[in-house]
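Just the heavy atoms: all of them, side chains too, but no hydrogens, waters or symmetry mates, feed the values below. This structure is a prediction, so every number in the text was calculated from the model and none was measured.
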Amino acid sequence: MKQNKKNQNEDVKGSSSILFLPKMDISLFGLKLLTEYLRKVDLHNPKQLKVKFENEEIKKILEVDNVEKEFLNKKLKELFISITIKDKSNHYGFIKMGLFEAVTAYMDEDGNWQIDVSCNPAAMKYILRLNEIGRS
(Lines give C-alpha, C1' and ligand atoms only; values in the text may rest on other atoms or scores of the structure.)
Protein backbone atom coordinates (compact mmCIF):
# COMPACT_ATOMS: atom_id res chain seq x y z
CA MET A 1 0.00 0.00 0.00
CA LYS A 2 1.43 3.37 -1.03
CA GLN A 3 1.55 6.11 1.60
CA ASN A 4 0.51 9.61 0.66
CA LYS A 5 3.12 12.38 0.82
CA LYS A 6 1.73 13.83 4.09
CA ASN A 7 2.11 10.47 5.90
CA GLN A 8 5.61 10.00 4.48
CA ASN A 9 6.62 13.45 5.75
CA GLU A 10 5.27 12.67 9.23
CA ASP A 11 7.18 9.36 9.25
CA VAL A 12 10.41 11.12 8.25
CA LYS A 13 9.84 13.92 10.76
CA GLY A 14 9.16 11.43 13.54
CA SER A 15 12.07 9.16 12.72
CA SER A 16 14.56 12.00 12.35
CA SER A 17 13.44 13.35 15.73
CA ILE A 18 14.48 10.06 17.32
CA LEU A 19 18.09 11.08 16.63
CA PHE A 20 17.73 13.72 19.35
CA LEU A 21 16.59 11.32 22.08
CA PRO A 22 20.05 11.20 23.68
CA LYS A 23 19.34 14.78 24.83
CA MET A 24 16.57 13.38 27.03
CA ASP A 25 17.30 11.75 30.36
CA ILE A 26 15.03 8.79 29.67
CA SER A 27 15.42 5.12 30.56
CA LEU A 28 15.42 2.36 27.96
CA PHE A 29 11.96 1.34 29.18
CA GLY A 30 10.78 4.94 28.81
CA LEU A 31 12.21 5.11 25.31
CA LYS A 32 10.51 1.84 24.31
CA LEU A 33 7.18 2.96 25.76
CA LEU A 34 7.46 6.38 24.10
CA THR A 35 8.22 4.71 20.77
CA GLU A 36 5.21 2.40 21.08
CA TYR A 37 3.07 5.29 22.30
CA LEU A 38 3.94 7.31 19.18
CA ARG A 39 3.06 4.33 16.98
CA LYS A 40 -0.35 3.98 18.60
CA VAL A 41 -1.49 7.55 19.34
CA ASP A 42 -3.72 9.34 16.83
CA LEU A 43 -1.68 12.49 16.18
CA HIS A 44 -4.55 13.93 14.16
CA ASN A 45 -6.83 13.93 17.21
CA PRO A 46 -5.14 16.02 19.92
CA LYS A 47 -8.09 15.51 22.26
CA GLN A 48 -7.45 11.76 22.39
CA LEU A 49 -3.94 11.37 23.78
CA LYS A 50 -4.62 8.23 25.83
CA VAL A 51 -3.18 4.94 24.56
CA LYS A 52 -3.88 1.48 26.00
CA PHE A 53 -1.18 -1.17 26.29
CA GLU A 54 -2.30 -4.77 26.70
CA ASN A 55 -0.51 -7.35 28.86
CA GLU A 56 1.44 -8.92 25.96
CA GLU A 57 2.66 -5.50 24.81
CA ILE A 58 3.75 -4.65 28.36
CA LYS A 59 5.69 -7.92 28.67
CA LYS A 60 7.41 -7.25 25.35
CA ILE A 61 8.40 -3.71 26.32
CA LEU A 62 9.59 -4.83 29.76
CA GLU A 63 11.27 -7.95 28.28
CA VAL A 64 9.71 -10.21 30.94
CA ASP A 65 7.59 -13.35 30.90
CA ASN A 66 5.39 -12.26 33.79
CA VAL A 67 4.45 -8.74 34.91
CA GLU A 68 4.86 -8.19 38.65
CA LYS A 69 3.11 -5.25 40.32
CA GLU A 70 6.17 -3.89 42.17
CA PHE A 71 8.38 -4.10 39.08
CA LEU A 72 5.72 -2.48 36.91
CA ASN A 73 5.26 0.32 39.45
CA LYS A 74 9.01 0.98 39.52
CA LYS A 75 9.21 1.07 35.72
CA LEU A 76 6.19 3.33 35.31
CA LYS A 77 7.72 5.78 37.79
CA GLU A 78 10.56 6.24 35.28
CA LEU A 79 8.10 7.87 32.86
CA PHE A 80 7.63 10.91 35.05
CA ILE A 81 10.86 12.68 34.26
CA SER A 82 11.20 16.39 33.68
CA ILE A 83 12.27 17.45 30.20
CA THR A 84 13.76 20.79 29.19
CA ILE A 85 12.68 22.61 26.04
CA LYS A 86 14.41 25.64 24.56
CA ASP A 87 12.19 28.71 24.82
CA LYS A 88 12.13 30.26 21.35
CA SER A 89 10.80 33.55 22.74
CA ASN A 90 13.88 34.07 24.94
CA HIS A 91 17.37 33.14 23.77
CA TYR A 92 18.47 32.09 27.27
CA GLY A 93 15.11 30.74 28.42
CA PHE A 94 13.79 27.23 28.76
CA ILE A 95 10.59 25.40 29.63
CA LYS A 96 10.38 22.37 31.95
CA MET A 97 7.57 19.83 31.75
CA GLY A 98 6.77 16.14 31.89
CA LEU A 99 6.07 14.12 28.74
CA PHE A 100 3.29 12.09 30.30
CA GLU A 101 0.29 13.40 32.21
CA ALA A 102 -0.93 10.13 33.70
CA VAL A 103 -0.38 6.39 33.61
CA THR A 104 -3.08 4.07 34.92
CA ALA A 105 -2.11 0.44 35.54
CA TYR A 106 -4.78 -2.12 36.37
CA MET A 107 -5.59 -5.80 36.06
CA ASP A 108 -8.42 -6.91 33.81
CA GLU A 109 -10.93 -9.59 34.82
CA ASP A 110 -8.51 -12.30 33.61
CA GLY A 111 -5.68 -11.05 35.85
CA ASN A 112 -3.69 -9.48 32.99
CA TRP A 113 -2.11 -6.06 33.40
CA GLN A 114 -3.33 -3.18 31.26
CA ILE A 115 -1.80 0.29 31.10
CA ASP A 116 -3.46 3.51 29.92
CA VAL A 117 -0.86 6.16 29.08
CA SER A 118 -1.79 9.81 28.55
CA CYS A 119 0.64 12.32 27.10
CA ASN A 120 0.88 15.77 28.65
CA PRO A 121 -1.11 17.95 26.19
CA ALA A 122 1.38 20.79 26.65
CA ALA A 123 4.22 18.46 25.64
CA MET A 124 2.45 16.99 22.62
CA LYS A 125 3.56 19.77 20.28
CA TYR A 126 7.18 18.90 21.14
CA ILE A 127 6.87 15.11 20.88
CA LEU A 128 7.66 15.07 17.16
CA ARG A 129 10.17 17.91 17.49
CA LEU A 130 12.44 16.24 20.01
CA ASN A 131 15.42 18.30 18.86
CA GLU A 132 14.04 21.11 21.05
CA ILE A 133 14.25 18.96 24.15
CA GLY A 134 17.32 18.82 26.39
CA ARG A 135 18.29 17.10 29.60
CA SER A 136 16.46 18.13 32.76
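The hydrophobic clustering, which links ILVMFWY residues whose side-chain heavy atoms are closer than 4.5 Å, places Leu99 and Phe94 apart.
Between Gly98 and Ala123 the shortest heavy-atom distance is O-CB, 3.7 Å. Summarising the geometry of Lys52 relative to Glu54, their closest heavy-atom pair is CD-OE2, 3.3 Å, with the distance given to 0.1 Å.
Atoms CD1 and CD, from Ile58 and Glu63 in turn, are 14.5 Å apart once rounded to the nearest 0.5 Å. Separation of atoms CG (Leu79) and SG (Cys119) is listed at 11.5 Å; rounding is to 0.5 Å. In this structure, Leu62 CG and Leu72 CG are separated by 6.5 Å, a value rounded to the nearest 0.5 Å. Rounding to the nearest 0.5 Å places CG of Asn55 at 4.0 Å from CG of Asn112. A distance of 5.5 Å separates NZ of Lys69 from CH2 of Trp113, quoted to the nearest 0.5 Å.
Atom CG of Asp65 is surrounded by 12 or fewer heavy atoms from other residues, nucleotides or ligands within 6.0 Å.
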Which is it for Asn66 and Glu68 under the side chain to side chain donor-acceptor pair (under 3.5 Å) test, yes or no, and what are the steps along the way?
CA-CA 6 Å; Asn66 188 30; Glu68 299 291 334; 2.9 Å; yes
So Glu78 and Lys75, salt bridge (Lys or Arg N to Asp or Glu O under 4.0 Å) or not? Walk me through it.
CA-CA 5 Å; Glu78 295 174 10; Lys75 288 299 188 181; 3.4 Å; yes
In sequence, state the C-alpha distance, the side-chain angles, and the governing distance for Asp42 and Gln48, and then conclude on side-chain contact (heavy atoms from CB on, under 4.5 Å).
CA-CA 7 Å; Asp42 180 0; Gln48 184 55 35; 5.7 Å; no
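With a 4.5 Å cut-off on side-chain heavy atoms, Phe100 and Ile81 do not count as touching. Put simply, the side chain of Val67 reaches to within 4.5 Å of the side chain of Lys59, judged on heavy atoms. With contacts defined as side-chain heavy-atom distances shorter than 4.5 Å, the pair Lys77/Lys74 does not qualify.
When only modelled atom types and interatomic distance are considered, Ser118 and Glu101 share no side-chain donor-acceptor pair under 3.5 Å. Gln114 and Asp108 share a donor-acceptor pair across their side chains, judged by distance under 3.5 Å alone.
For the side chain to side chain donor-acceptor pair (under 3.5 Å) criterion with Glu36, the lone passing option out of Lys40, Arg39, Lys32 is Arg39. The one candidate from Ile115, Ile61, Leu28, Val51 that meets the side-chain contact (heavy atoms from CB on, under 4.5 Å) condition with Leu33 is Ile61.
Judged by distance alone, with hydrogens and angles left aside, the side-chain atoms of Asn120 form a donor-acceptor pair with the main-chain N or O of Ala122 at under 3.5 Å.
Checked against the 6.0 Å centroid criterion, the rings of Phe53 and Tyr37 do not qualify as a close aromatic pair.
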